[in-house]
Amino acid sequence: MAGQASSAADVQPSQRWIPWMLMVPGIVWLTVFFAIPMFSMGKLSLENGGFSNYRNAFSDYRELIPRTFGYALAATVICILLGYPLAYVIAMRGGRRKNLLLALVVLPFFTTYLIRAISWRILLGDRGPVTRVLHSLHIIGQNTSIVGTAPAVIGALSYNFLPFMVLPIYVSLEKIDRKLLEVGPDLYASGWRTFRKVTLPLSLPGLFAGSLLTFIPASGDFINVEFVGSDAQRMIGNVVANNFVKEQFRPGLSALSFVLMAIILLGVLLYARLLGTEELV
Amino acid sequence: MSTSEEVIRLEGIRKQFGSFVAVHEANFGIRRGEFFALLGPSGCGKTTLLRTIAGFEEPTAGRVLLDGQDQAGVPPHRRQVNTVFQQYALFPHMSVFDNVAFGLRSNRVPEAEVKQRANKMLETVRLADYGTRRPAQLSGGQQQRVALARALVNLPSALLLDEPLAALDLKLRQAMQIELKRIQREVGITFVFVTHDQEEALTMSDRIAVMSQGRVEQIGTPQEIYNAPSSVFVAGFIGSANLLPGTAVGHEGSATIVELAMGVRVRAEGQSVPIGETASIMLRPELLNPVMTDPGTGGLSATVTDVIFQGADIRLISDLADGTEVASTVETDTDLPMLRPGDRIWLTWDPRSPYALAGHPAFAGATNTDVDEVQAALDGKTDLAHELKDGNPRAAGRRPTTRRNVLIGAGAAVAAAVVAGIAAAVSGSDSKPSSVPGGSTTAVPTSTVPPTTAGGPAVAAAGGEPGSTVSFLNWPMYIENDDASTSPTLRLFTESTGIKVDYRPEIDSNDGFWTKYEPFLAKGDGIGADLVVLTSWLAARFIEQGFAQPFDTTAFPNKANVTSSRANPSWDPGRVHSIPWTVGQTGIAYFPDKVGGRIESISDLLAPALRNRVSILDEWRDTLGLFMLDLGLDPTKANLNEAKQAMAVIKKARDAGQFRKIAGNSYTDDLLTGEVWAAIAWSGDIASLKKDAPGIEFVLPPKGAMSFTDNALIPIGAENPRGAAMLLNHVYDPTVAGPLYEAISYVPSVRGAAQYMTAAGRANPFVNPPEGSNLYEFNTVPADAEAELVTLFVEATQL
């Protein structure tokens with residue numbers, strides 16, 4: 001203790017700038033590749049019509065905005081429902097096989113995003129195995145396809161972002177002092193109550209991080225709609241991707257992008273408040 | 001001792017982890033209201049025993065009785081005992097009050113009572129004002145008391161404490177020992193206390209069970225254990241003791257005569273050791289009396305090796321004649337002279353003091369409380385009981401840092417980093433990869449860096465020598481096999497001229513091309529290509545902006561072979577800068593078997609039966625043109641109002657869910673998978689598709705279809721404009737053009753090409769559209785009108 005305290009005081013004045021120097025590359029990087037593009041996007045979003053671009057972004061895309069966030073939200077919820085139990089079992093019961101199981105979760109991500117999207121299309125396509133089985137079992141009609149439906153898009157999004165949910169949750173579960181999980185039962189709490197009152201709250205930081213890593217990219221995704229969706233499932237990302245090449249749409253699309261960002265930011269803040277994450281750790 | 005008084009009874013408890021026996025056999029009871037210590041070195045099984053009582057471990061054999069009830073199969077949360085864990089294990093995310101209230105709330109005690117009891121317990125542990133704090137804001141001693149309160153508030157039959165004071169420093173530990181005793185007296189609850197600290201056990205306990213290597217060695221009051229230990233181990237473990245090894249040589253009443261190694265005989269009460277067996281004499285340091293003169297008999301001579309001042313007394317370490325180390329304590333105000341190492345002394349004792357024990361100590365002579373460390377070192381199984389359990393956090397924490405473990409850890413970290421990288425890569429919606437297989441025609445540019453070019457002279461002068469390579473940027477399926485090495489046309493070119501072709505079928509959208517390259521061209525820079533192919537409307541803009549070079553006519557005499565109808569477009573009279581590469585039509589592709597009949601017009605596409613089975617092109621010129629023609633309007637001459645009429649039709653159909661996709665090149669995939677049954681389509685695509693989907697039909701609606709021309713141009717900054725012109729000259733040779741256009745199924749604009757086609761090629765409607773086809777082609781549209789049309793189109797399609 002004393003050693004730590006004195007070591008801080010012992011730092012040579014000439015070495016004080018070292019931590020600042022370490023931050024310089026990061027700051028320069030963010031300035032050049034984040035702040036400046038954001039600024040020029042902001043400027044672009046006000047061209048040809050100023051703030052009316054923002055108003056128009058809402059009215060022009062009133063169909064797309066709720067759909068985009070609806071899909072992203074649904075994918076996030078599915079990722080939580082699938083990913084939490086998975087992370088829980090790996091962290092709590094994985095034993096020696098923990099690293100192997102984690103590697104398996106990550107393994108599909110050694111292929112490119114596109115290949116994964118395409119493979120989903122093959123899987124769900126009208127002539128794909130899933131559709132055939134459902135057809136032959138008469139679960140869906142002969143002329144009904146799975147591709148081009150909201151569940152297909154949400155499913156593909158969930159698939160593609162699942163590891164981003166699993167890994168942070170795993171890390172936060174792994175960090176929990178196992179003693180605490182014995183304290184619950186010792187204090188008359190059933191397994192469920194121990195989970196609800198101890199395990200779950202202590203893993204919220206991971207759940208929160210995982211949700212952001214899932215929800216935010218899912219909100220901006222367009223690849224999955226491209227491959228397993230149809231016109232009726234288009235998301236904001238598709239509109240931006242399709243039309244940004246046309247010059248006259250750029251201000252409007254920049255405004256739309258900022259609207260997207262603002263909604264995500266607001267959602268994140270509400271979510272943080274809901275989970276009480278700021279009080280943790 | 002009547003069993004009804006016992007809160008806890010252990011009957012034949014045995015606990016095994018694999019082949020390791022943590023507890024051999026435990027048989028004892030703990031009385032109500034007792035302060036009971038389980039004392040022993042690390043790894044002796046005391047914690048395992050405690051966990052067995054709490055229910056965290058099921059015994060391998062034997063029974064645990066709580067209040068007379070067999071606890072077999074009863075989970076921890078149903079047992080009326082509570083535990084104070086090592087390191088407290090407070091819930092970090094709860095306030096002190098919520099921690100204390102946890103057990104009561106688990107038992108659904110009414111909240112008013114919870115409040116009253118928890119607050120009262122916080123008062124008992126002197127933390128009444130700390131209820132709202134978080135555990136992290138408390139000192140170690142305070143956290144300890146919270147842990148105690150959290151367990152005690154439930155008024156358990158017994159409180160189990162697992163080394164509760166181990167984490168505290170000495171001063172605090174001593175204070176807490178007194179505090180614990182006080183609290184125990186106040187609440188009157190049975191305490192079962194695990195410790196390796198014999199001093200702590202002696203200070204606090206009513207009774208102590210001393211354990212070693214999974215066995216209970218002795219159970220008794222502190223006095224019994226201190227004065228009459230049952231074994232050499234207990235004697236050495238409790239307090240400090242001098243254990244002098246020897247042999248039993250006789251008995252005198254209840255006493256045993258032990259002959260020590262030096263030949264001295266000592267009479268000692270205690271265990272009765274059979275004659276001839278090894279025995280030890282225990283002499284507590286405070287019972288040894290050092291003197292400076294030889295007492296004759298009943299004393300041992302020794303040499304002082306250390307004199308330790310301890311405040312109230314002095315500890316004297318000396319060696320006996322045989323080297324055995326002996327400790328003795330004398331009061332500080334002794335009348336002995338000041339001793340120094342090397343001084344000769346004699347140790348004497350009261351005849352009642354020696355205590356006989358069977359066996360020899362592991363280390364002869366003085367022992368101290370550190371014996372547990374020695375013991376652990378001896379048998380080398382620190383915490384073995386826990387380490388043997390897979391996944392135990394303590395075991396994991398102690399896992400040696402082998403290379404393998406480091407590698408596994410690093411692997412996990414890399415995996416995490418890879419995922420994070422992927423997250424970063426996919427999160428940006430504006431970073432669509434340029435090489436989307438079958439993706440839309442309107443890819444957002446991924447980078448603004450132009451493709452690198454092969455080295456060589458920056459500009460080859462017109463009429464000069466051509467460069468060694470022509471870099472050709474074209475659309476997919478605009479040359480045989482999309483590949484320079486297997487395309488007969490290009491192979492022939494290289495063979496006859498020695499110029500290689502760097503063929504890149506990378507253009508998938510006019511808009512995308514423009515966005516990607518316009519900035520470089522605007523600065524007058526090259527784009528790393530000698531030849532590009534653009535649809536007429538963009539070719540016109542390209543020329544207008546000065547981005548195209550005029551052809552080197554000396555290298556391109558075959559330019560004269562261009563068909564007369566395409567020789568003089570308004571935007572490039574005389575074809576100075578551009579030459580048609582392909583001519584195709586936009587019509588309707590469909591599967592008659594799926595659609596259930598013939599399709600001849602756009603109106604047919606809008607039939608309710610085809611709902612969600614139709615795709616239209618996201619290129620407004622093609623889609624809008626066909627819809628206008630269907631309304632009887634000429635798109636090449638129409639005004640904005642007429643365009644709006646067609647837009648309204650598109651919008652209505654789109655809102656009704658008629659269109660499954662509004663897509664670029666990828667519509668062919670949708671046709672191929674059978675997802676889409678009918679589509680607005682480009683002729684050349686369907687010609688290629690027929691190989692994979694023979695049932696597909698392509699029609700040009702009689703009311704009119706759109707035609708398009710894609711033109712080859714040499715951009716400014718091209719490094720090999722002469723070579724590029726030579727390549728065009730090669731293609732405009734009808735003997736080359738015939739087979740090429742037959743292979744790619746586009747209409748040639750080269751006069752005489754048809755003569756060099758097979759009969760099948762000439763009969764192919766894609767190469768040779770039937771006479772009387774009603775074809776229209778968009779030329780340039782004024783920029784403001786175009787912007788308006790695009791806006792309307794995007795509005796109609798919600799693209």
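The chains referred to below are lettered A, B, ... by the order of the sequence lines, with proteins before strands, and numbering in each begins at 1.
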Visitor: For the residue pair B/His93 and B/Phe91, does the interplanar ring angle fall in the parallel (under 30°), tilted (30 to 60°) or perpendicular (over 60°) class?
Guide: perpendicular
Visitor: Pick one of side chain, backbone, both or neither for A/Arg121, based on which atoms fall under 4.5 Å of a heavy atom in chain B.
Guide: side chain
Visitor: Can you tell which part of B/Arg79 gets under 4.5 Å to a heavy atom of chain A, answering side chain, backbone, both or neither?
Guide: backbone
Visitor: Give a yes or no on whether the backbone of B/Phe85 and the side-chain of B/Asp162 come within a donor-acceptor separation of less than 3.5 Å.
Guide: no
Visitor: Tell me which of these, B/Glu675, B/Arg78, B/Arg660, has more heavy-atom pairs under 4.5 Å with chain A than the rest.
Guide: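 It is B/Arg660.
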Visitor: Give the ring-plane orientation class for A/Phe161 versus A/Tyr113, where under 30° counts as parallel, over 60° as perpendicular and anything between as tilted.
Guide: tilted
Visitor: Using non-hydrogen atoms and a 4.5 Å limit, figure out which bit of B/Gln87 sits close to chain A: side chain, backbone, both or neither.
Guide: neither
Visitor: Quick one: what part of A/Lys98 sits under 4.5 Å from any heavy atom of chain B, side chain, backbone, both or neither?
Guide: neither
Visitor: Report which part of B/Trp620 has an atom under 4.5 Å of a heavy atom belonging to chain A: side chain, backbone, both, or neither.
Guide: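 Looking at B/Trp620, nothing touches chain A.
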Visitor: Which heavy-atom pair separates A/Val166 from A/Gly83 by the least distance, and what is that distance?
Guide: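 So the two residues come closest at CG2-CA, 3.8 Å.
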Visitor: Please classify the contact of B/Leu90 with chain A as side chain, backbone, both or neither, using a heavy-atom distance under 4.5 Å.
Guide: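 The answer is the backbone of B/Leu90.
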Visitor: May I ask you to name which of B/Ala136, B/Ala89, B/Ser615, B/Ala151 has the most heavy-atom pairs under 4.5 Å with chain A?
Guide: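 Sorted descending by pairs with chain A, the first entry is B/Ala89.
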Visitor: Which region of B/Val676, side chain (C-beta onward) or backbone (N, CA, C, O), has a non-hydrogen atom less than 4.5 Å from a non-hydrogen atom of chain A, or is it both or neither?
Guide: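 Contact with chain A involves no heavy atom of B/Val676 at all.
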Visitor: Side chain from CB out, backbone as N, CA, C, O: work out which of these in B/Asp98 comes under 4.5 Å of a heavy atom of chain A, or both, or neither.
Guide: neither
Visitor: Could you have a look at A/Asn160, A/Leu187, A/Val198 and say which one has the most heavy-atom pairs with chain B under 4.5 angstrom?
Guide: A/Leu187
Visitor: Side chains of A/Asp186 and B/Thr83: do they bring a donor and an acceptor to under 3.5 Å?
Guide: yes
Visitor: How long is the gap from NZ on B/Lys661 to CG on B/Asn612, to the nearest 0.5 Å?
Guide: 10.0 Å
Visitor: Please tell me whether B/Glu788 and B/Thr791 have a donor and an acceptor in their side chains that are separated by less than 3.5 angstrom.
Guide: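 Side chains of B/Glu788 and B/Thr791: no pair found under 3.5 Å.
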Visitor: Counting only heavy atoms closer than 4.5 Å, note whether A/Arg250 contacts chain B via side chain, backbone, both or neither.
Guide: side chain
Visitor: Of the non-hydrogen atoms in A/Thr199 and A/Ile176, which two are nearest, and what is the gap between them?
Guide: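 So the two residues come closest at O-CD1, 3.7 Å.
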